[in-house]
Protein chains: 2
Amino acid sequence: MKKTSLNDIAKTLNVSKALVSFVLNGQGDKKGIKAETQRKVLEKAKELNYKPNQIARGLRLGTSNTIGLIVADISNKFYAKIAKQVEVVAGRNNYNLIFCSSDENEEKEIELIDMLRERLVDGIIISTTQKDTKVFSRLNKEKYPYVLIDRRLSRLPANYVGVDNYAGAYEATEHLIRNKYQKIGLLKISPEGLSTIREREQGYRDALKNNGLRVNSKLIRTISFADIRQSVAEVLRELIEPPYKIDALFSVNNNITVACMEFLNGMNIRIPHDIAVVSFDDIDLFRFSFPTITAVAQPVEQIGAMAVNILLNEINGLNGEGKKQVILPVEFIRRRSAAIFSDQRENNFEINSNTE
Amino acid sequence: MKKTSLNDIAKTLNVSKALVSFVLNGQGDKKGIKAETQRKVLEKAKELNYKPNQIARGLRLGTSNTIGLIVADISNKFYAKIAKQVEVVAGRNNYNLIFCSSDENEEKEIELIDMLRERLVDGIIISTTQKDTKVFSRLNKEKYPYVLIDRRLSRLPANYVGVDNYAGAYEATEHLIRNKYQKIGLLKISPEGLSTIREREQGYRDALKNNGLRVNSKLIRTISFADIRQSVAEVLRELIEPPYKIDALFSVNNNITVACMEFLNGMNIRIPHDIAVVSFDDIDLFRFSFPTITAVAQPVEQIGAMAVNILLNEINGLNGEGKKQVILPVEFIRRRSAAIFSDQRENNFEINSNTE
DNA sequence: TTAGAATCGTTAAACGTTTAAAAAATCAGG
DNA sequence: CCTGATTTTTTAAACGTTTAACGATTCTAA
């Protein structure tokens, strides 16, 4: 049973499909279609359960009222939450959302961009894993609307919504230092060169320097995205032994932190007594894991909402010239994983306080 | 700058677009196009960075090489993992994936189905929140390919991939009973009537009965999906007090469990000493939360992969008549949240054993 | 030379919309 | 009942593909 088309309605009513189209698009009055005729069309459309074929519509109009979202890893809670928010805000503006996950794969990401464009998606929100500006330069040239989230590329003029990674990392690291930790490991993640990670690393480095500690590059390690769990285990096994013997750990995202927790708990290493942990990304479970985790929280909802707004404005030509760059503040949330000795800011903690 | 079309290539080479189409679709030899000509076409296509317009293609062919996935809640790890797997398997078969989240909203789900169909998606995988078979009956009538995952509708002939919810719940509940817990609360989730939840509740009820315990319907509560955290807090606040005073809790999904953990930890209620907890859905953090959580694990990857396979077969007419129904086994994973007194199966636990 | 085959290529319609432009129908006034 | 004006509706092209059907040109063999 085929779906009913404009033509079907037109034929059964003995009118032209143009007329039907006008009526169904609410242009009936403007085009001076008789009220009676309009009524009949509407009625028949309902009766036949007419649904416009968006493909045909898109082909004709060159637009689809749909935006695309490409995240680096949909199974990461951080992105999942952004996706949810993006969908909500897009829906509120009568835009549909198509979303995809690049799984941190540069090639796949390019294919996804092509795929979305081939489907006449009106614009894209993307947390890119590209190292090169090539793909986006082309989009710029073609004036295709997009906004980067989370990650950006230097020397690329582009709309961007992200957070102050540097400040977050700086504060997190300094927090460890204030609490007397000295040998602080940094766990980064592959692929190499992501802006977020670079910014966070810089925050970490500067915090050390400004507090009179030496940066030991041996303590800075990269975890493989492909197998976080195993990679973390390997790296930590080394870092907890001499000559490194770290006493604290700054993890650059929630997935790494989770893997760390599992490894350290498994080895009977006490947090924060033996090793302190602070994490970028705050996720639900950090509030009641063992121990609760001190973390840098990103304003996930805001990131999603702002990205959509900027994109829709761009699509509708309301952004004027020039790209929007939004850096949102992060929030540093103190819990129990990063302080044996409670300083004045910590000493109001209770064993099971609820942090929100 | 417009994207290049078939016509652009045809014009610059002074050939017909039909020819270009043939060559680009690998039909050049079959249609007897001169090798020389083919070469030129291919070359020019590359030079102009030609990408077929899938919208136009879809309009002509009535198919899009894309499948849709609608999950009930993308921010739930369970669904996020399924989504990832579905994308991988679909990609392996040269199908694109569009995915959406209905947020447990019946109306929105219907809109999403329409949206996907309007975009000529070739088939849909869906964890439905419909109470009514109407929507799917229509799809059946129109012979539109779809497969239900996770949740199903009684009296609806449909492809389905799910797990043995009954057995999982039964085993989980019986485990609690064997460990001497007597007043076992059951936390369900709204919306009411989901097959998964019904089956799990039945498992719980039968386990109690078959072990000589009375089912107390006052201990069976429904958590509101819209605000799990608060809803759990309200419910538990009541259940831990007289006259109920539960000593164990069976939670019907991972999100509820997470909320329970947070609440109980916050109230300084010890798990499993004061209250034991078992959960449906196993997620990473249950391995190192405090305490680690005993849970019923679903074969997430398998669910996703099988659903895709069944759908693609259906799309390509390889399924024959009749619908496929796949019920996969679950795995019960014992950890520390459900046993004060270690029985013989439990006593080989160590404080921080790694459960995988 | 010429019929027929082989080789290489084109035409035109179709998919379901939208929309500018043209056309038909109706009406009002003389 | 004719003339414009007004109201209502239709025509036809366009979006970018695919594909059945047809058309040219060249070659082969008698």
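In what follows, every chain begins at residue 1, and chains take the letters A, B, ... in the order their sequences are listed.
At a cut-off of 3.5 Å, with distance as the only test, a side-chain donor of Gln38(A) or Asp29(A) sits close to an acceptor on the other residue. With 3.5 Å as the limit, one finds a donor-acceptor pair spanning the side chains of Ser75(B) and Asp73(B). Side-chain polar atoms of Asp150(B) and Tyr79(B) form a donor-acceptor pair below 3.5 angstrom.
For Lys40(B) and Glu43(B), the salt-bridge test fails: no basic side-chain N is under 4.0 Å from an acidic carboxylate O.
Here Asp29(B) lies out of heavy-atom contact (under 4.0 Å) with every strand. Counting any heavy atom pair closer than 4.0 Å across all strands shown, Leu6(B) reaches a base atom. Here Ser16(B) lies in heavy-atom contact (under 4.0 Å) with a base.
Comparing Leu59(B) and Phe22(B) against DNA chain D, the residue whose closest nucleotide sits nearer the 5' end is Leu59(B). Toward the 5' end of DNA chain C, the nearer of the two residues Leu19(A) and Leu19(B), judged by each one's closest nucleotide, is Leu19(B).
Comparing dG16(D), dT17(C), dT19(C) against the side chain of Ser5(B) picks out dG16(D) as the nearest. Considering only the side chain of Tyr50(B), dT17(D) comes nearest among dT17(D), dA20(D), dG16(D). With distances taken from any side-chain atom of Ala18(A) to the nucleotides dT17(C), dA12(D), dG16(D), the minimum falls on dA12(D). Checked against dT19(C), dT17(D), dG16(C), the side chain of Ala56(B) finds its nearest nucleotide in dT17(D). Of the candidates dT19(C), dT17(D), dG9(C), the closest approach to any side-chain atom of Ile33(B) belongs to dG9(C).
For Thr37(B) and dC8(C), the shortest distance from a side-chain N or O to OP1 or OP2 is not below 4.0 Å.
The base of dT9(D) is not paired with the side chain of Lys34(A) by any donor and acceptor separated by under 3.5 Å. For a distance-only test at 3.5 Å, the side chain of Lys31(A) fails to qualify as a donor-acceptor partner of the base of dT8(D).
One atom, CG of Leu61(A), and another, P of dG16(C), lie 16 Å apart when rounded to the nearest Å.
In this structure the side chain of Thr12(B) reaches within 4.5 angstrom of the side chain of Lys44(B), judged on heavy atoms.
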